[in-house]
A.B. asks: 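Sharing a structure, written as structure tokens. Questions coming.
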Number of protein chains: 2
Amino acid sequence: MDLDVRRLRVLHEVALRGGVTAAAAALHVTPSAVSQQLGQLAREAGHPLVERSGRGVVLTTAGQILALHAERILGAVEQAVTGLAVAHRQVAGTVRVGAFPSAAGALVVPAAARAMAAHPGLDVRVVEAEDDQSRLDLRSATLDIVVLQEYDHVPGTTTAELDRYPIATDPMHLITPVGWGRDSGRLADLADVPWVASAAHTPCGRSTLRACHLAGFEPDIRHRAIDFALTLDMVAAGLGAALVPGMALRHVPPRVLVRPLAKPVTGRRIFAVTRPRGAGPTHPAIAAVLTELAGPDLDPAQTSRPESLELLSADR
Amino acid sequence: MDLDVRRLRVLHEVALRGGVTAAAAALHVTPSAVSQQLGQLAREAGHPLVERSGRGVVLTTAGQILALHAERILGAVEQAVTGLAVAHRQVAGTVRVGAFPSAAGALVVPAAARAMAAHPGLDVRVVEAEDDQSRLDLRSATLDIVVLQEYDHVPGTTTAELDRYPIATDPMHLITPVGWGRDSGRLADLADVPWVASAAHTPCGRSTLRACHLAGFEPDIRHRAIDFALTLDMVAAGLGAALVPGMALRHVPPRVLVRPLAKPVTGRRIFAVTRPRGAGPTHPAIAAVLTELAGPDLDPAQTSRPESLELLSADR
DNA sequence: GTGCTCGTGTAGATTCACTACATGGATTTG
DNA sequence: CAAATCCATGTAGTGAATCTACACGAGCAC
């Protein structure tokens with residue numbers, strides 16, 4: 001009774017993704033193959049691992065237990081290959097980094113380029129995805145490093161069980177169309193203007209709302225944008241003011257004014273995480289990428305945004 | 001790069017047994033299969049795992065590292081199946097117990113019988129083997145429980161890294177042909193008689209030597225026997241005196257006198273061990289066997305040896 | 001009901017792993 | 001020193017295992 005790693009990975013994916021089809025997609029096989037492997041594993045385990053629920057499946061108790069152990073086993077396997085890489089001091093192989101959109105371009109891409117330049121055998125791949133998706137792909141070993149964000153004053157998703165490597169803090173900046181109001185550096189001065197914000201369910205959207213509440217007013221949010229480039233375009237078109245993280249200000253379009261705030265109102269912390277039971281920073285290749293991510297970019301305002309940010313110096 | 005468990009077990013066996021052929025025998029396959037799997041694993045690992053040395057092989061550094069991790073992974077797999085058994089509270093399956101000859105008959109067989117009687121789904125198998133062999137088979141998961149002995153005053157092999165479950169202490173008893181010398185209960189009275197002992201390289205043989213030295217004399221060892229039954233026959237034939245563990249006295253032949261010793265001179269401790277990183281006593285089936293081994297047999301003299309032991313009462 | 005999604009069976013092709021046998025190198029024996 | 005022996009490793013062929021393609025049935029939405 002040997003519980004093949006391949007099969008255990010199938011169960012792990014089913015547990016993570018919540019279904020046979022989703023697991024099959026993640027494993028790049030057909031659902032039929034996943035179903036068969038699951039059946040075989042159940043036979044070996046002596047108990048059914050999943051049972052149908054509606055048109056999907058849910059794990060039985062035995063399935064949950066085995067999925068838990070599967071994660072431990074997969075982690076042990078990963079540590080084994082890591083041990084080999086450590087012993088041979090080879091900073092090589094493929095490291096897949098997931099990041100949310102604004103960090104991907106501003107932080108991860110330059111870090112990846114530096115890491116690959118420094119280590120010829122290293123292949124860093126950047127995957128742009130939302131935090132929830134990245135977290136899932138990290139656990140399923142589709143990604144090796146994930147760059148996440150955590151907004152101040154927003155409860156947000158906890159990532160307690162993961163090892164965190166802080167990369168940067170990214171304060172929110174106030175932007176308005178040029179020629180709006182006076183420049184006192186106080187958010188409350190813009191209590192009566194229209195606003196542009198991210199979608200209400202996003203942490204950034206909630207962050208804007210919280211900041212305005214803390215400043216003592218309810219913002220009149222007229223437009224919702226997910227991509228910060230769209231936010232900037234909206235502001236440039238005079239549709240409203242907005243609070244955006246500094247990292248989104250690498251390319252500020254004309255007719256957008258970045259206004260100094262008297263003191264930072266709110267912001268977000270950016271950090272990288274690795275697989276909890278997996279190789280983590282032990283692996284030389286992952287360590288090299290983490291170093292590039294955390295090291296030179298500790299202040300993203302100084303390094304990642306070449307121009308157009310002189311106005312921000314007052315904020316810090 | 002998934003490092004199949006099956007392949008890792010092959011590497012583990014090669015590391016344990018010290019060669020391809022020995023590993024193949026333990027895995028019940030041909031050496032060719034082992035060699036091929038090893039080659040495949042080396043390709044996956046990116047480094048050769050073994051290199052030829054003389055007419056055998058030795059593990060490379062990479063091989064040693066991977067073998068180390070293999071043991072962890074195999075342990076994790078074992079814990080997974082254990083987790084399932086625990087969740088379903090099923091005291092079932094096969095438990096293989098290894099024991100040195102005298103313990104196998106006196107302790108393990110009755111314990112196995114009791115365990116199987118108490119748990120219908122349980123299949124306990126007893127394997128008689130020397131300690132070194134048993135230790136190896138335990139690590140390779142050929143055995144699940146191993147009963148070992150440790151003689152007083154003999155450095156012996158340490159089993160520090162294993163979880164120990166004490167079963168019994170088995171003091172050595174003095175036996176002579178009937179009609180020899182006086183019955184003072186002192187070992188030194190037999191300084192000038194011929195002796196029968198186990199082979200010099202065995203711990204029991206060394207134990208006899210040490211006991212006599214502690215009593216102040218050098219025994220004149222005329223005959224060497226490995227099986228205690230042969231020792232008893234030799235004593236019965238009048239060839240000499242001997243020190244044998246109490247457990248070997250289940251069937252004392254005629255013309256052999258078990259002499260009370262004023263105080264126990266030396267003895268051995270008998271204990272069971274389980275796989276260090278493996279399931280161990282967590283597994284219900286293994287726990288059940290361990291209970292039967294340790295529980296009712298805490299004093300083997302009282303339970304396992306039905307008659308012919310009245311003389312021993314003075315010893316304890 | 002119709003359409004859609006999800007999971008599970010079945011048949012066939014491909015891949016994988018093992019055995020049997022042969023080869024080459026290293027050690028022991030006569 | 002040659003012969004015999006042991007050990008590991010290749011090669012060819014066979015059998016098992018696993019995947020895809022396709023069909024089917026069940027649940028849910030409209």
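Each chain gets a letter, A, B and so on, in the order its sequence line appears, and its residues count up from 1.
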A.B. asks: Within the 3.5 Å criterion, strictly below it, is a donor on Arg206(B) or Ser198(B) matched to an acceptor on the partner's side chain?
C.D. replies: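 On atom types as modelled, these side chains do not qualify, holding no pair under 3.5 Å.
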
A.B. asks: Using whole Å, report how far CG of Leu38(A) lies from P of dA17(D).
C.D. replies: 18 Å

A.B. asks: Atom CZ in Arg6(A), atom CD in Gln40(A): separation rounded to 0.5 Å?
C.D. replies: 14.0 Å

A.B. asks: May I have the distance from Gln37(B) (atom CD) to dT9(D) (atom C1'), rounded to whole angstrom?
C.D. replies: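 To the nearest whole Å, that distance equals 14 Å.
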
A.B. asks: Just compare dT8(C), dT9(D), dC6(C) and give me whichever is closest to any side-chain atom of Ser35(A).
C.D. replies: dT8(C)

A.B. asks: Can you identify which nucleotide, out of dA26(C), dC22(D), dG7(C), has its nearest atom closest to the Arg52(A) side chain?
C.D. replies: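 It is dG7(C).
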
A.B. asks: CG of Leu41(B) versus P of dA8(D): gap in Å, rounded?
C.D. replies: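 Result: 17 Å.
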
A.B. asks: The side chain of Val29(B) lies closest to which of these nucleotides: dC18(C), dT8(C), dC7(D)?
C.D. replies: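 Per side-chain heavy atoms of Val29(B), the pick is dC18(C).
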
A.B. asks: How many Å lie between CG on Asp4(A) and P on dA17(D), as a whole number?
C.D. replies: 12 Å

A.B. asks: Would you confirm whether Glu78(A), through its side chain, and Asp2(B), through its main-chain N or O, come within 3.5 Å as a donor-acceptor pair?
C.D. replies: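 No, the answer is negative, given that no donor and acceptor are paired below the 3.5 Å cut-off.
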
A.B. asks: Would you kindly give the CZ-to-P distance between Arg9(B) and dA17(C), to the nearest whole Å?
C.D. replies: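 So the two atoms are 16 Å apart, to the nearest Å.
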
A.B. asks: What integer distance in Å separates Gln40(B):CD from dC16(C):P?
C.D. replies: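 These atoms are roughly 8 Å apart.
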
A.B. asks: Checking contacts here: which listed nucleotide (dT28(C), dA8(D), dC19(D)) is nearest the side-chain heavy atoms of Arg55(B)?
C.D. replies: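 Ranking dT28(C), dA8(D), dC19(D) by closest atom to the Arg55(B) side chain puts dT28(C) first.
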
A.B. asks: Once you round it to whole Å, what is the distance between C1' of dC16(C) and CZ of Arg43(B)?
C.D. replies: 12 Å

A.B. asks: From CD of Gln36(B) over to C1' of dA17(C), roughly how many Å is that when rounded to an integer?
C.D. replies: 7 Å

A.B. asks: Starting from the 5' end of DNA chain D, give me the residue, Arg6(A) or Val20(B), whose nearest nucleotide shows up first.
C.D. replies: Val20(B)

A.B. asks: How do Ser32(B) and Pro31(A) order along DNA chain C: which one's closest nucleotide is nearer the 5' end?
C.D. replies: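 First, find each residue's nearest nucleotide; the 5'-ward one identifies Pro31(A).
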
A.B. asks: Between dA8(D), dC18(C), dA17(C), which nucleotide gets closest to the side-chain atoms of Ala33(B)?
C.D. replies: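 For Ala33(B), the side-chain atoms sit closest to dC18(C).
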
A.B. asks: I'd like to know if the side chain of Gln79(A) reaches the main chain of Arg277(A), judged simply by a donor and an acceptor atom lying under 3.5 Å from each other, with no hydrogens or angles considered.
C.D. replies: yes

A.B. asks: Applying a 4.0 Å non-hydrogen cut-off, can you work out what Thr30(B) is touching in the nucleic acid: base, sugar-phosphate, or nothing?
C.D. replies: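 Since a base atom lies under 4.0 Å of Thr30(B), the category is base.
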
A.B. asks: Touch check for Gly19(A), heavy atoms < 4.0 angstrom, all strands: base, sugar-phosphate only, or nothing?
C.D. replies: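 Since only primed, P, OP1 and OP2 atoms lie under 4.0 Å of Gly19(A), the category is sugar-phosphate.
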
A.B. asks: Evaluate the side-chain proximity of Val97(B) to Val124(B): yes if any heavy-atom separation is below 4.5 Å, no if none is.
C.D. replies: yes

